Amino acid sequence: MNLIRLIWDELIGMFIDDGALATQVALLVALVTLAVKVAQVPPLWAASLLIPGCVAILGASVMRAARKG
């Protein structure tokens, strides 16, 4: 049973190394989707928010990892 758990953790770790990073990106995508659907923001404008948003999230994640290590 312990081996199955180890394999599962490694498999998930390949795709989601930093849980906070994945959560923040998913939240950004959800907010942009809501902006398009509810606030009637033009899709091109909303899409233009994704790149700088993801870059900012990635930068914060790198800085957080640099402080830890």
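If you're wondering where the values come from, they're calculated on a predicted model, not measured in any experiment.
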Worksheet item: Ser61 side chain to Leu58 main-chain N or O, any donor-acceptor pair under 3.5 Å?
Response: no
Worksheet item: Pick from Leu49, Thr33, Ile57: which one makes a side chain to side chain contact (heavy atoms under 4.5 Å, CB included) with Leu28?
Response: Ile57
Item to complete: Please check if atom CG in Leu6 has more than 12 non-hydrogen atoms from other residues, nucleotides or ligands closer than 6.0 Å.
Response: yes
Worksheet entry | Hydrophobic cluster of Leu34, others only, ordered by chain and residue number, side-chain cut-off 4.5 Å | Val38
Worksheet item: Linking Ile, Leu, Val, Met, Phe, Trp and Tyr by side-chain heavy atoms under 4.5 Å, what else ends up with Leu44?
Response: none
Worksheet item: What are the two closest heavy atoms between Val36 and Ala46, and how far apart are they?
Response: CG2-CB, 3.3 Å
Worksheet item: Leu3: what forms a side-chain contact (heavy atoms from CB on, under 4.5 Å) with it, not counting sequence neighbours?
Response: Ile7
